[in-house]
Structure formats: C-alpha cells, structure tokens
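Worksheet for the structure shown next.
Labels below follow one simple rule: chain letters A, B, ... track the order of the sequence lines, proteins then strands, and each chain is numbered from 1.
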Amino acid sequence: MKYIKTILSLVIIIFALAFIINGCAVPQSIKDKSGAQLWGENCNRCHNAPDPRTYSDDQWDAAMEHMRQKGFLTDQEVGKIRDFLKQSN
Amino acid sequence: MVRQLIAGLMLTGMLIFPAINSIAQTDTASHPVVNSPNGGSQKVLFPGAAISQYQYTQVQGSKGFGSFSPLTLFAIPLIKVNDNLFLDFAADLSVNSDGSATPGFDELVVYYRLTPWLYLFGGSFNPRYGIYNGWLDDFTNRFGTGVSPVGMGYGAENADGIGIEGAFQAGYSKIYYQLYTSNGPQVVIDSLTPLSQGNLSGQMNQSSIIDNNRNKNVGWCIGYLPFSNSNLEVNFSGAYTPQTGNTGTAYQNINNLVWAVGLNYYHLFSPIMIRAIGEYDGIQTSKFNYPIQQTDSTFTTYTYNNKYDGWFYGMTVRAAGSKNKWIKNFELAARIGALNPPSDAPWGGSSINQTTVTLTYYLNWDIPLSFEYDVLTQNGAPTQKIFSTVLFFRF
C-alpha cells in the first residue's frame, strides 16, 4: 500500500505539472511546421519513414490512428502528417 | 480503495462516452457520397508480417549447430471506426516442430478519444515498458531479433486491463504518458524442483490472463522529448503489483515492482544518420520463505533477496542521406548489455553479458534483412556465439 500511494502521488504530481506545462504557449515555429517535416522527424524516431504511396487515403487514416497510439503523436502532428501523406500518395 | 475508485471511474467512462458519442452521431450523421472510394466513416488497414530465420549456435567446447526456423505469420488489422473510436488487433500463427501450427493472440485494444490529448483504452495490450516493449517491438528493433537483449524482457507485458494515454506539446518540448490498471503478473510457486536444479519459485509470470486475486496491477509510462525536432526521447516506465499470489494462500501478499528508464536519440549528420538507444531495467519482488519438497516428502523452506537488474546500450550508423540507393539501405549496429540475476536464487546465477553486432539491409523501408552476431558470456558457463539471419517480410 505504501508503494501504491507513492506511485499514485508521483503520477498525480506529474499530471499536475504536465497540465501546467501544457498551458505553455506553443511557439509559432512549432505551429508552422509542415506535414512533410513532421513526417520525417517523427517517423524516423522509431522506424524508417514510409513512402506516402504505400497506402491509399483510407488506409493512411487507419495507419495514422495506429501511430498516434504507438508513437504517442500529438493531435496536431497526426493531422498534418496524415494530410501530407494523403496529398502525396 | 483508491485503486478501486480509479478502476471504477475508468470503466464508467468507457461505458458512458461511447454511448453518448453514438447518440450524437445518430443526430448529426451526414450521408456518405454513393460509390465514393473514400466514402463511409470506417477506415481499415490490414497489414501483416512474416518472419523467417536461420540461426547457427556455437557453444564453447562443443560442435556448432545450425537450423532454419519455421515461419511466423502476423496479421494486424487496424480499424478506425470513426474519429473517436479505433480498434487495434494483432494475432500470429507459428509453425511447430511437428509441422502443426499454433495461433497466438498478441493484442486487442479499443481506444476512445476523450480529448485531443487524452485517450481511454481497454482490452489486451502491450504496455509501454522501456524503449521497445509496447512500441511495435520488432518493427523498431534495428539489431535483428535473433537474440533479444538479455537485459530486457523481464518487465510488464501482455496486460489485460484499462487505461489512459496521450501526448501533447509543451512549449518546444513534447510529453506523453500512459497509465493503466491490469491483472498483473503472478508469482511462480515451484515446490517440486530441487534447488540444485534451478527451482523457479519467486519468478513472475508476466503473461497471466485471468487474475488470481482481487488486487490489480498499476502501470505507467511517462516520456519527455525535450527538443522541437523530437530526436531525443527519454522515458520512465514501470508497474507495481501489490499481490501476485493466489487469493487465500500464504503467497497472496508477495508484491512485485518493475521499472525501466529508456533513451532513444537519432541525428542526421548528413549523409550519416546515427542512433543511440539504451535501457536500464530494475525488478524487485518481496522476500518470502518458499517451501520445497524433500525426497522424504517433508517440506523445508528457503528464501533469497529477489532483486535484479539488466541493461543494454547500442548505437547504429547508416548513410541515410547518401545518393547511392544501395549504400543508403545498409545499417550497421552494435550493442552491449547485461543481466544481473539474484545471485543467491536457485534460478539466478552469475551475470550474463552480451555483445551484438548486426548488419541490416533494407529491401524496402519496412523489410529488413539482418545478419546478426551475438556473444553471450557468463562466469562458470561456456561462451555462446550465435549467428542469426533474420528476414522480416511486411505486407
């Protein structure tokens, strides 16, 4: 029980800090990043960046939801990368 | 009480939000374009993978032995039901030594979007643990998969439960998190195997499906990407299980804590891309007097300090920016690691050290052909040298 209280306290503190940090303004340079740039930066974190022609529009929709969860992409990143892949396939 | 409250809140949320969403969709659904290739809300991707391997093992002092491994086939249907609901499924089919095939179940997770940075999920899932587990594992492993790092794989895996996760931008940095509750691991009680033959009592079975007690496991993963280009990632993950033994038995209150720190960094010094990846794992199980049967059918007990750790660190080099298509598809990787088991446990022993060198050629962006060489050393045991050729064919 001692461990569980410590862990839960830590998690709550981290969440509180995260929410505060989340309130930080996102710099304009981050907001202005293109889908192509985010595609290169985020895909290469874990694996080779795929060719946009690999999948159809609908398939990219499903694939990007998968990567949102597996790669912990933000909502903005998912939207921009998905649009880039759809436009480029 | 706190755990039950959290689990109750999560479960309530999982039931209520999809219901509200389905009502809202009934009221506002628009008519899809007839015969449009992109019509309809449901989007499906049905990728798969097949793994084939040849492995040659040379144990010091004996003749080497090589064998082709049977194919393993994976099916990974991904279904985006609508903008809020997503289903992630993974199953495999392995060929046995007698030619028969055994189906396996890897993941079945339902995700529901509550906010852009908060997703609810439930089902059978691979929790994020360290820098590989739960991250598409083999897909992200650049060292072949002939021999897994000895310093990992002793933590949280194959959980059945519910949780929350998400990611958000915080200034130039990015933060992600996962918090879940699941059945958790179960302690292995082995009262028959003699101590001299490696009695297994005190080890954890991480792949338990049905819980053996009322207490639940709590797991977490917090990740931080400090730079705006997401090229450095550090995370801290773990799981705590207050009870791992069967309810009503003396083993009930044996608890287990696992934790891991992971690091992943890559950078393109054009045309060379380098990557550094590492992980440190710690495992601690509470002490207990385990019974063991003697030859005269009486029982004695033994105990040990059930605490151990493991680690690995590796680097890769690839001419990713080369204009030569042939050269840019090669990647060279080297990794060192160790497992330090509980020295006084019957199943423990002295530390195992591992050195790995791998040369990979990418036939396609997602089809690596790896040539891997591992050396495993342990005090008092013969050195093992293992050569593996692994092909991941994805489709």
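Side chains of B:Tyr176 and B:Glu233: a donor on one and an acceptor on the other come within 3.5 Å. Side chains of B:Tyr132 and B:Glu279: no donor on one and acceptor on the other come within 3.5 Å. Side-chain atoms of B:Asn126 and B:Asp106 include no donor-acceptor pair closer than 3.5 Å.
Proximity to chain A (any heavy atom under 4.5 Å) is restricted, for B:Leu225, to the side chain, taken from C-beta onward. Contacts between B:Tyr119 and chain A at a heavy-atom distance below 4.5 Å involve the side chain alone, from C-beta outward. With a 4.5 angstrom heavy-atom cutoff, B:Tyr111 touches chain A only via side-chain atoms. Contact of B:Asp88 with chain A is made through the side chain alone, with heavy-atom distances under 4.5 Å. B:Leu78 touches chain A through backbone and side chain together, each having a heavy atom under 4.5 Å away.
Residues satisfying the side-chain contact (heavy atoms from CB on, under 4.5 Å) criterion with B:Phe46, sequence neighbours excluded, are B:Ala75, B:Pro77. Residues forming a side-chain hydrogen bond (donor to acceptor under 3.5 Å, both in side chains) with B:Ser370 (at least two apart in sequence, or on another chain): B:Thr360.
Between A:Ala63 and B:Leu45, the shortest heavy-atom contact is CB-CD2, 3.6 Å. Looking at every heavy atom in both residues, B:Leu363 comes nearest to B:Leu369 through CD1-CB, 4.4 Å.
Salt bridge status for A:Glu65 with A:Lys70: absent, with no side-chain N to carboxylate O gap under 4.0 Å. A salt bridge between B:Lys80 and A:Asp58 is absent, with no side-chain N of the basic residue lying under 4.0 Å from a carboxylate O of the acidic one. Using a 4.0 Å cut-off between charged nitrogen and carboxylate oxygen, B:Arg394 and B:Asp366 do not count as a salt-bridge pair.
Panel note: side chain B:Tyr129, backbone B:Trp220; no donor-acceptor pair is recorded below 3.5 Å.
Using a 4.5 Å heavy-atom cutoff, the side chains of B:Val317 and B:Ile272 are in contact.
Annotation: maximal heavy-atom pairing with chain A below 4.5 Å, among B:Phe86, B:Trp365, B:Tyr265, occurs at B:Trp365. Counting heavy-atom pairs under 4.5 Å between each of B:Arg275, B:Met273, B:Gln178 and chain A puts B:Arg275 at the top.
Using non-hydrogen atoms only and a strict 4.5 Å limit, the part of residues 30-41 of chain A facing chain B consists of A:Ile30, A:Lys33, A:Gly40, A:Glu41. Residues of residues 73-84 of chain A lying within less than 4.5 angstrom of chain B, judged on heavy atoms, are A:Leu73, A:Thr74, A:Asp75, A:Glu77, A:Arg82 in numerical order.
Annotation: cation-pi pair B:Arg318/B:Tyr266 absent, no NZ/CZ under 6.0 Å from the ring centroid and within 45° of its normal.
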